[in-house]
Enquirer: 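Okay, here's the structure, questions in a sec.
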Amino acid sequence: MLRLLAASLLVTYTLAATAAEWRNRTIYQLITDRFATTDNSGPRCWTEERQYCGGTWKGIISKLDYIQDLGFDAIWISPVVANVEGDTVYGQAYHGYWTQDFYSLNSHFGTADDLKALSAALHDRSMYLMVDVAPNHMVSRTNPPDYPSFSPFSSASDFHPECYIDWTNQTDVEQCRLGDRNVPLADLNTEDEDVAATLYAWIRDLVGEYGIDGLRIDAARHVRKEFWPGFVEAAGVFTLGEVWHPDPNFLAPYTKVMDSVLDFPNRITLTDAFRNDHGDLAALAASMRKSQGLYEMAGAFLECHDEPRFPSVTQDEALIKNAMAWVFVQDGIPILYYGQEQGYTGGADPANREALWYSGYVVEDKPLVTHVRTLNAARRLAAAANSSFLTSPAKLYAVSQSTLAISKPPLLALLTNVGSWSSASTTWDFPDASYEANEVLVDVLSCSTVTADSSGGVLVHASCGAPQILLPASALSGSGSFCPHLAAQGLISSTLGGIRANALANGLDDAQAFFAQ
Ligand SMILES: *[C@@H]1O[C@H](CO)[C@@H](O)[C@H](O)[C@H]1NC(C)=O
Ligand SMILES: *[C@@H]1O[C@H](CO)[C@@H](O)[C@H](O)[C@H]1NC(C)=O
Ligand SMILES: *[C@@H]1O[C@H](CO)[C@@H](O)[C@H](O)[C@H]1NC(C)=O
């Protein structure tokens, strides 16, 4: 059954990245098959067909400028190992989650040298590589599964007996199969010591061979918790687990056996809060407070490959910009799913897995591209200005159904769900904001300014439902990437008046065009 593992792998990379080193990063999640092709061609890619479209690791290398220009310093790519070939009733394994051979690479995405070149190209830019791994199951086109076609687990005894999950029973969740009889996701017997040891050896080899800096762990709640510490230790790099559940109490124990989890509870309340002007920001605030008390580190996101994209819920640009902003002003590691910056609108899987080449990777005159750049830059600047920024929990103020102020000094984010067309007078009233008396604050999303009152409080009026991200003008000085026309003037108030008038006269888009050259 268990094949002896080749012990000759040379470890080519020794700088394992820890959780502390990932904390100040922001991650761009992409589907390898859908992000970029090797020759930069734009083949037909109809999501509903669920076929390989042609994206490769070399394609990613050719578009690292695009990702870096958006302000990201890490990418999360699809699983890299060989998957089941050919068609099933659910299409092909273009997403990479249907492992057939843990020790071979998915040749649709390239060669071992290509993957190493991607890792090296990222490291040359001081960027990190996060690889998705799926150790819970292996996939066959037939049922019963074709065990001999699997490697290295080629015997039925390496797997749990066939059963399908009763979601109310955690033993079932861990030991029965995801999926169905059409495409059986044969559940590895991770209670078996040999199976566990083989998976630990595999992850150690994979991380070392390809210079991987972090792992996103698929279906982490479907493996017993006791399995994970050994896996995490063998990996030796940062781990981010997928534990799908709406309740932070359910997620919390997983943060004791791996570095962090994807923040599904807040994603759910985030989507509900901004889906329309009846959403509830107080519920989002309550959800944030609850998770703050339960776990320290999570990966925060609005969209991912398993959920409908947010613009399939609402097309209101103000609501979209508010929901996107939340991801960059909360405590966890911000993650952006590729295509969000291009305003992609795909609904549930497979519609949310569009080819990015259809966008032409154009960044000019793309309001959400500008938005993402600014959000990344604002977070970076605030973290650089305050060494506690990344480790101190956000404080929440002005909490109502339609307003929420998130304070992570020196950054103050003002969110609202009234929408673009609201005529209501919406304000965030935050008398205890603790800025200096009469301090000048800049909304980096519009380059307009707000002045704190004589006791350091702020009272800000919403404009067309847009979010605002305030930073003290003093913190922007010397930062060339922000409202450079403001910074260049040393932010003296007489100059500011003129700049503000200029920004107003030219409209927000023009002001935003100054960012992140
Ligand atoms: C993250 O922190 C490290 C040192 O702790 C620093 O070298 C790096 O520049 C920081 N990155 C960002 C994006 O702030
Ligand atoms: C959960 O499922 C397991 C095995 O499938 C079974 O032995 C156990 O009795 C179930 N527990 C409950 C509470 O139903
Ligand atoms: C830095 O952040 C901490 C925690 O949020 C806060 O208490 C402190 O006032 C901040 N300092 C500055 C200078 O903004």
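Remember, it's 1-based here, ligands and their atoms both numbered in the order they're listed. Any value given below was found using the heavy atoms of this structure, including those in side chains, with hydrogens, waters and symmetry copies removed.
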Enquirer: Answer whether the closest heavy-atom distance between the side chains of W228 and K256 falls below 4.5 Å.
Expert: no

Enquirer: Which pairs, with at least one residue in residues 434-466 and sequence neighbours excluded, count as a ring pair (Phe, Tyr, Trp, His ring centres under 6.0 Å)?
Expert: none

Enquirer: Distance alone, cut at 3.5 Å: any donor-acceptor contact between the side chains of D429 and T427?
Expert: no

Enquirer: List by chain and number: which residues place a heavy atom under 4.0 Å from ligand 3?
Expert: N386, S388, S392, P409, P410

Enquirer: Does any donor atom in the side chain of H123 or D213 lie under 3.5 Å from an acceptor atom in the other side chain?
Expert: yes

Enquirer: Need the ligand 2 atom indices (1-based, order shown) with element for anything under 4.0 Å from a heavy-atom of D172.
Expert: 2 (O), 4 (C), 5 (O)

Enquirer: Looking at every non-hydrogen atom in both residues, tell me the closest pair between R380 and G71 and how far apart they are.
Expert: NH2-O, 3.2 Å

Enquirer: Side-chain donor-acceptor pair under 3.5 Å between H305 and Y97, yes or no?
Expert: yes

